[in-house]
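Structure first, commentary second.
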Amino acid sequence: MTPETHTGLDAPTGVWWKPAHKSEKLWVGIAFAWCIVLFAMMPLWHLKGGQNPSGIRRRVNPAAFYQRTQEFIKQYKVGDDRGMAIVEPPPGSDVYLIGMTYQWQPILRLREGAQYTLHISSLDVNHGFSLFPVNVNFQVVPGYDYGLRVTPTAAGDFRIICNEFCGIGHHTMVGRVIVVDSTGRELARSGEAR
Ligand code: CUA
């Protein structure tokens, strides 16, 4: 009277499966090969991709970083834009940039083709350094000083946009980097991000 109960522990009766079709086996083969390619790309891209940060990374006290940046601003200030200092450090020097709610400080004026060590850190929470319209992105973390060796490759008037949600004013956190050409000439400012 009781119906036959069947549990997952019993083997099903009868022919309940068909061997995989040839095309399905082929598909599994291709998918597996692609997995291996992508897996190999991870270490390969790390070594050959040319996208790794310079590896200068040390702990820093936010107050000390702020102090260092103020000295840097005082040393190389050449003007200001609506109250924000424009700083023009000599080629080859250490450059300091603060990310904080909700600004990037100071405005940097760099020279095309010159190399700089750009130190970025945050004074409060995580921010995202994103250079617009160039696709350059970096995490800015409080308590860490990241030194990036950078060489601007094109003159122009660029914007730093925060791409890490950092609070109510996140969308207003826009900074500015001016790159003058190798003769030191600034391109005409369009007023808008180029
Ligand atoms: Cu800083 Cu979003």
Side-chain angles (χ1 to χ4, degrees), residues 42 45-46 49-89 91 93-112 114-180 186-187 189-194:
M42 288 192 285
W45 199 245
H46 177 76
Q51 295 201 344
N52 301 324
S54 329
I56 310 168
R57 181 173 60 232
R58 53 177 84 91
R59 290 201 72 108
V60 71
N61 180 297
F65 191 83
Y66 177 79
Q67 213 46 52
R68 182 67 193 87
T69 307
Q70 299 316 307
E71 282 166 29
F72 163 75
I73 292 171
K74 211 152 75 179
Q75 196 172 1
Y76 301 120
K77 185 174 172 180
V78 292
D80 75 280
D81 174 10
R82 281 160 288 179
M84 181 60 77
I86 300 176
V87 178
E88 184 166 7
S93 61
D94 286 275
V95 175
Y96 293 83
L97 181 72
I98 289 174
M100 61 192 278
T101 47
Y102 298 101
Q103 57 175 256
W104 298 97
Q105 192 188 9
I107 294 171
L108 299 171
R109 198 164 184 271
L110 307 176
R111 188 174 285 237
E112 183 185 354
Q115 206 199 60
Y116 303 89
T117 304
L118 175 63
H119 294 265
I120 28 183
S121 189
S122 163
L123 298 188
D124 35 48
V125 295
N126 269 37
H127 297 284
F129 175 99
S130 161
L131 194 64
F132 183 84
V134 191
N135 190 16
V136 172
N137 294 281
F138 203 77
Q139 278 283 325
V140 184
V141 182
Y144 285 91
D145 172 353
Y146 291 96
L148 306 174
R149 294 203 180 86
V150 295
T151 305
T153 52
D157 195 337
F158 303 93
R159 294 294 173 274
I160 308 166
I161 293 172
C162 183
N163 63 7
E164 185 72 45
F165 183 76
C166 53
I168 196 83
H170 161 71
H171 63 288
T172 65
M173 188 169 166
V174 179
R176 189 175 168 208
V177 175
I178 303 158
V179 179
V180 297
E186 192 174 320
L187 297 183
R189 196 181 163 196
S190 62
E192 280 300 317
R194 285 162 27 96

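For ligands, and for the atoms within them, numbers begin at 1 and follow the listed sequence. When reading the values below, keep in mind they use all heavy atoms of this one structure, side chains included, and skip hydrogens, waters and symmetry mates.
- For Asp80 (side chain) and Gly83 (main-chain N/O), a donor-acceptor pair under 3.5 Å exists by modelled atom type.
- The ring pair (Phe, Tyr, Trp, His ring centres under 6.0 Å) check on Tyr102 picks up nothing, with sequence neighbours excluded.
- Between Ser121 and Val60 the shortest heavy-atom distance is OG-CG1, 3.9 Å.
- The salt bridge (Lys or Arg N to Asp or Glu O under 4.0 Å) contacts involving residues 60-78 comprise Arg68-Glu71, where partners must be two or more places apart or lie in separate chains.
- Between the His127 side chain and the Glu164 main chain, no donor and acceptor come within less than 3.5 Å of each other.
- Taking the side chain to side chain donor-acceptor pair (under 3.5 Å) definition, one finds that Arg58 meets it with nothing, sequence neighbours left out.
- Protein N/O/S atoms found under 2.8 Å from atom 1 (Cu) of ligand 1: His127 ND1, Cys162 SG, Cys166 SG, Met173 SD.
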